[in-house]
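Sequence positions, counted from 1, serve as the residue numbers for this chain. No experiment lies behind these values; they were computed from the predicted model shown. We count ligands from 1, going down the list as the structure has it; atoms in each ligand are counted the same way.
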Amino acid sequence: MSDFPKNIARKAVLNMKAYSARGGATDALHLDANENPYAPPPVIGAKNYNRYPEQQPPALVARLAGLYGVSTDMVMVGRGADEGIEILLRTFCESEDNILICPPTFGYYRTCAEIQGCGIVEAPLNDDFSWNHEAIFAAADAAQNLKAIFICTPNNPSGNECDADLVEALAKRYPDTFIAVDEAYQEFTTTPSYTVKIAEYPNIIVMRTLSKAYALAGVRGGVAIADPRVIDLMLKVLPPYPIARPVEEAILKALAPSAMSVHADRLAETLEQRDRLAAALPSSPFVKKVYPSAANFLLMELSDDAALFAELAKRNVKIRDYRATTGKVRLSIGSPEENTIALAAFGINQTDAKTDRIGEVFRKTNETDISVRVNLDDSRVVKINTGIGFYDHMLEQIAKHGGMGLTMTCKGDLEIDAHHSVEDTALAFGTALKQALGNKAGIGRYGFTMPMDETQARVAIDLSGRPAAVFKGKFPTDHVGEFPVEMCPHFFESLAQTLGAAIHIDVEGDNSHHMIEACFKGVGRALRPALSTTISMDIPSTKGVL
Ligand SMILES: *Cc1c(COP(=O)(O)O)cnc(C)c1O
């Protein structure tokens, strides 16, 4: 055990010298890797595309270690979680070795074992898809040279999670066998990751992916998380330069700190849609049973599969067909609109179903890094963080009075002043609103008069597609908190520019705070009828009462 993991590694891997890939381009004159001195033509100026990337790009490793809450020496970044599975077997499995799987489960464990030429031992799940502990222990006890036990939790395709004590019990009983915990769907559950157990059990290895919760399946990115000694050995086996430069760039952009609030909103929506489908599908004439799921899909047993597949074909909807192996089908959770189409194929018509007119904008410059998500059909979530307290409060007023959901994160150069942050968030907000309105933009003119104590603001808005901003009013002070009052008219000017609207504001009063607040509320009020397709029963105040 003291020698773990060398005692169970392939001898060839232990004895070989790692292929020496250069550790990325430096500021030296690189005439060492037979690279081309010129950037490839269509992407001239692209960051070093003519140069080999780092074997494990440090910025990416740091970001993913941060994302998963582990140290950087516990991470191997690869082309998806799939590569972690493959490299684990290539590092540790000889032909006389075995792995253990619990079918029905993710098919790639078997594929990798077959390619590697090692044996496969099975301990099938119970009929209700719970893990059969006795069968797992019996099979593991009997297996020769058992190198890995794969536990996929939540399991694909059944969607359920293993019992809380299983992984640890296996790790304890089989110290010279990897307990490979595939957490491809971990984000969709509330169960904590098994990464926290690695310090105590160095034979636990966890696979995570960016393909599911972070919408990066087309980019290929995932990690194996393990004891640093395990990672060291696996890195000897990982092929040269697995992470292409554009891949690293795409992942770092998609996981920018400012984007995380949008990921959280999307995840919440997926979980809500999972509940919606799980509640509706049992009443489908084609469905016998819907299994509970802790992932972003639902497994179902059908009562009339021919009729269902005919309906799906009519609508050109594809679901995963496991009828041959388990007699079941798997449906991935889509967007609200996609799920309405899927439900119709299942014979459930939700014509009044929620639709989401959503606009999302990610905007990064040298001065600001911004993400905005507006939802014109769901006003429940309003989460704003620009670093400027008063401005956050004003944006909340627009969202609340406009009857929209608004998530905005801005990391800006506030050490200089609020100017760039306010201007750039206004531009991004206008773009997101326009995107969410889609082809309904330019439908009308709206006005609102907003009195507030001694102040009155009159607002008129025309979603004409033509930007114009007119602001009349003089503020008695030059700041409210850290917010420079001159940024109030500038905000509406920037918003008008990207939204494609004429915004006219006329404000009178003696108190800058009241005056600015009245402008933001008034604009929200004038926007509300322009944006809404239904009468909202919300109380139009951020205080929740009027
Ligand atoms: C989707 C999936 C993977 C693959 O993840 P990638 O990062 O895309 O390679 C791994 N394991 C399970 C259980 C999956 O469902």
Next item on the list: Kindly indicate whether a cation-pi arrangement holds for Arg208 with Tyr214, taking the cut-offs as under 6.0 Å to the six-membered ring centre and within 45° of the axis.
Entry: no
Margin query: Could you check whether Glu272 pairs with Arg380 (Lys NZ or Arg NE/NH1/NH2 to Asp/Glu carboxylate O, under 4.0 Å)?
Written below: yes
Pairwise, report which nitrogen or oxygen atoms of ligand 1 are under 3.5 angstrom from protein nitrogen or oxygen atoms, and how far apart they are.
| unit_1 | atom_1 | unit_2 | atom_2 | d |
| --- | --- | --- | --- | --- |
| ligand 1 | 7 (O) | Ala81 | N | 2.6 |
| ligand 1 | 7 (O) | Thr209 | OG1 | 2.5 |
| ligand 1 | 7 (O) | Ser211 | OG | 3.4 |
| ligand 1 | 8 (O) | Ser211 | OG | 2.6 |
| ligand 1 | 8 (O) | Arg220 | NH1 | 2.7 |
| ligand 1 | 9 (O) | Ala81 | N | 3.2 |
| ligand 1 | 9 (O) | Asp82 | N | 3.0 |
| ligand 1 | 9 (O) | Asp82 | OD1 | 3.3 |
| ligand 1 | 9 (O) | Asp82 | OD2 | 3.1 |
| ligand 1 | 9 (O) | Arg220 | NH2 | 2.9 |
| ligand 1 | 11 (N) | Asp182 | OD1 | 3.3 |
| ligand 1 | 11 (N) | Asp182 | OD2 | 2.6 |
| ligand 1 | 15 (O) | Asn156 | ND2 | 2.9 |
| ligand 1 | 15 (O) | Tyr185 | OH | 2.6 |
| ligand 1 | 15 (O) | Lys212 | NZ | 3.1 |

Item checked: Lys/Arg N to Asp/Glu carboxylate O, Asp369 vs Lys411, below 4.0 Å -> no
Next item on the list: Before accepting this row, confirm whether a basic side-chain N of the pair Glu168/Lys172 lies closer than 4.0 Å to the acidic partner's carboxylate O.
Entry: no
Margin query: Using ring centroids (six-membered ring only for Trp), state whether Phe4 and Phe178 fall under 6.0 Å.
Written below: yes
Checklist line | Lys NZ or Arg CZ of Arg330 over Phe297 ring: under 6.0 Å, within 45° | finding: yes
